[in-house]
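Just so you know, these numbers come straight off a predicted model, no measurement behind them. In listed order, ligands and their atoms are each counted from 1.
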Amino acid sequence: VRRVSSSGLSRDYDVLVGRGLLAGAGAEIERRLGGRQAVVCCDENVAPLYLEEVRRSLTDAGYSVSHVVIPAGEAQKDLARAEEMYGVFYDRGVRRTDVVVALGGGVVGDLVGFVAATYQRGVRFVQLPTTLLAQVDAGIGGKVAVDFRSGKNYVGTFYQPRLVVCDLDTLVTLPKAELHGGSAEVAKYALLAGGDLWSWADALAGGGLTAAGIADHLVAACVSYKLAVVAADEREETGRRALLNLGHTIGHAIEAATSFRRFSHGEAVALGLHAALWLSQRLCGLSAVEEQAGHDLLDGLGLPRRLDGLTAEQVVSLTGRDKKAGDDGVGYVLLEAVGAPRAGVRVPHALELEVVEWLLAR
Ligand SMILES: NC(=O)c1ccc[n+]([C@@H]2O[C@H](COP(=O)([O-])OP(=O)(O)OC[C@H]3O[C@@H](n4cnc5c(N)ncnc54)[C@H](O)[C@@H]3O)[C@@H](O)[C@H]2O)c1
Ligand SMILES: [Zn+2]
């Protein structure tokens with residue numbers, strides 16, 4: 001098991017990465033947090049797969065254990081579901097020193113984290129992420145939220161978990177499409193960090209993307225990169241955290257232009273990363289060789305490489321709406337080299353159109 005510890009956050013915590021970790025999660029939680037009662041929250045897809053194992057491990061560690069199962073899907077991430085959970089916690093007499101465990105993907109993590117952050121102004125919260133996306137991204141970093149009206153993650157706060165346990169064995173049951181979605185974020189970290197992370201991501205792509213091929217050192221390196229960025233900007237105030245948006249400006253615009261139906265988030269981000277590579281070579285001095293290596297990495301992971309059925313104008317008209325864009329226009333994260341990102345790059349409108357035309361013509 002690899003242990004990545006945050007440092008410099010409002011409250012530091014460990015992220016454990018390895019295989020077969022769920023069985024020992026209860027003991028790891030008890031050792032760090034204590035408490036009397038544990039409530040495990042998961043969705044209906046994850047419940048039949050991993051709930052019993054997590055319940056048993058918590059019971060063995062001495063907790064009085066109960067659980068909540070919600071339907072699966074992004075639509076659950078709303079205030080109505082949050083209110084229902086407050087009710088469950090209330091009825092069970094959950095106290096601040098008890099432990100709330102989010103077992104599942106980013107939807108459960110964001111929702112349960114939000115509820116844990118706000119119930120009695122914060123109860124102890126643990127993430128057991130079971131999707132690749134949640135293990136490398138959503139489950140760490142402390143952003144918790146629900147969606148509100150048409151705004152994704154519109155109501156939320158920053159609330160760090162006390163412990164995160166990434167059991168890579170859970171990825172074996174993950175639908176292929178979800179594995180792909182997470183791999184786009186892995187590619188993002190590889191481009192941002194370079195070095196070992198790049199080589200390991202490249203090896204994963206070379207072997208064809210499989211759950212068994214996802215190495216613990218690769219996931220741990222993604223976690224470590226994200227924790228370092230988050231520590232430099234925990235509450236998204238200094239702009240450092242914006243680095244994590246590499247590929248997301250065009251990616252979010254593609255998601256919005258296709259009404260969040262045609263592409264998963266990861267697929268849209270992959271297209272956004274292709275676009276960022278193209279722009280980086282033209283605006284930031286990324287070498288043509290590294291640009292191509294980036295395109296090859298994304299292709300090797302089996303991610304989408306071209307766009308169709310849209311116009312460039314449709315996509316570009318949505319790039320500025322991303323709430324992370326700076327006030328002075330669209331600030332992109334681009335690369336001077338693999339491992340050398342630069343945030344806040346202004347991209348002229350004409351070039352935005354050109355890069356989307358390129359995605360449409362590939
Ligand atoms: N907080 C953050 O910093 C952050 C960052 C990125 C994304 N997010 C959020 O994360 C969410 C997306 O997360 P996600 O991609 O994990 O989606 P998800 O939670 O919906 O999980 C994807 C699907 O996989 C199923 N599943 C989960 N684990 C499984 C397993 N081991 N085996 C089989 N099926 C499994 C789920 O039931 C679901 O149907 C979005 O709401 C997004 O806003 C948050
Ligand atoms: Zn993303």
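- No salt bridge links Glu53 with Arg56; every basic N to acidic carboxylate O contact stays at or beyond 4.0 Å.
- Checked against a 3.5 angstrom limit, the closest N/O atoms of Val144 and ligand 1 fall outside it.
- Contacts with ligand 1 closer than 4.0 Å are made by side-chain heavy atoms of Pro175 only, the backbone lying farther away.
- The Zn ion (ligand 2) has no N, O or S atom of Asp137 closer than 2.8 Å.
- Atom numbering of ligand 1 starts at 1 in the shown order; those under 4.0 Å from a heavy atom of Gly105 are 16 (O), 19 (O).
- Of all protein heavy atoms, the one closest to atom 29 (C) of ligand 1 is Leu174 CD1, 3.5 Å.
- Of all atoms in ligand 1, listed by their number and element, those nearer than 4.0 Å to a heavy atom of Lys77 are 40 (C), 41 (O), 42 (C), 43 (O).
- Atoms of ligand 1 found under 4.0 Å from any heavy atom of Thr173 (numbered from 1 in listed order, with element): 30 (C), 31 (N), 32 (N), 33 (C).
- Looking only at protein heavy atoms, the nearest one to atom 40 (C) of ligand 1 is Glu74 OE1, 3.3 Å.
- Note on ring orientation: taking the six-membered ring where Trp is involved, the planes of Trp200 and His217 are tilted (angle from 30° to 60°).
- Distances between N or O atoms of Gly106 and those of ligand 1 include at least one value under 3.5 Å.
- For the residue pair Thr118 and Tyr159, no side-chain donor N or O sits within less than 3.5 Å of a side-chain acceptor on the partner.
- Within the 4.0 Å heavy-atom criterion, both parts of Lys143, backbone and side chain, lie near ligand 1.
- By heavy-atom distance, the residue among Ile70, Leu133, Asp110 lying nearest atom 15 (O) of ligand 1 is Leu133.
- Scanning all protein heavy atoms for the shortest distance to atom 3 (O) of ligand 1 gives Lys226 NZ, 3.5 Å.
- In terms of polar-atom proximity, defined here as any N/O pair under 3.5 Å, Asn45 does make such a contact with ligand 1.
- Shown are Thr170, Thr173, Asp169; of these, the side chain to side chain donor-acceptor pair (under 3.5 Å) with Tyr50 is made only by Thr173.
- If you number the atoms of ligand 1 from 1 as listed, the ones under 4.0 Å from a heavy atom of Tyr50 come out as 31 (N).
- The Zn ion (ligand 2) lies at the vertex of an angle of 100° between the NE2 atom of His265 and the OE2 atom of Glu185 (rounded to 10°).
- Of the protein's non-hydrogen atoms, the one nearest atom 21 (O) of ligand 1 is Thr131 CG2, 3.7 Å.
- Within the 4.0 Å heavy-atom shell around ligand 1 one does not find Arg241.
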Stepwise salt bridge (Lys or Arg N to Asp or Glu O under 4.0 Å) test for Lys143 and Glu236: CA-CA 10 Å; Lys143 277 196 193 176; Glu236 208 158 52; 3.1 Å; yes
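- Of the protein's heavy atoms, Asp43 OD2, 2.6 Å lies nearest to atom 37 (O) of ligand 1.
- A salt bridge links Arg282 and Glu291; the closest N-O separation between the charged side-chain nitrogens and carboxylate oxygens is under 4.0 Å.
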What do the steps show when you test Glu74 against Lys152 for salt bridge (Lys or Arg N to Asp or Glu O under 4.0 Å), and what is the final call? CA-CA 10 Å; Glu74 179 74 22; Lys152 232 175 107 48; 3.1 Å; yes
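- Protein heavy atom at the shortest distance from atom 42 (C) of ligand 1 is Lys152 NZ, 3.7 Å.
- In this structure, OH in Tyr189 is found 9.5 Å from OH in Tyr225, a value given to the nearest 0.5 Å.
- Which parts of ligand 1 touch Leu49 is read off a 4.0 Å heavy-atom cut-off, strictly below it: atoms 32 (N), 33 (C).
- Closest protein heavy atom to atom 8 (N) of ligand 1: Ala138 CB, 3.6 Å.
- Side-chain contact of Gln281 with Ser287: a donor-acceptor pair under 3.5 Å is absent, judged by distance alone.
- If you number the atoms of ligand 1 from 1 as listed, the ones under 4.0 Å from a heavy atom of Asn153 come out as 43 (O).
- Scanning the protein for heavy atoms near atom 18 (P) of ligand 1, the closest one is Val107 CG2, 3.9 Å.
- Taking the charged nitrogens against the carboxylate oxygens, Asp98 and Arg96 have no contact shorter than 4.0 Å, which rules out a salt bridge.
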Do Asp14 and Val4 pass the side-chain contact (heavy atoms from CB on, under 4.5 Å) test, and can you show the C-alpha distance, the side-chain angles, and the key distance before you say yes or no? CA-CA 6 Å; Asp14 289 340; Val4 185; over 6 Å; no
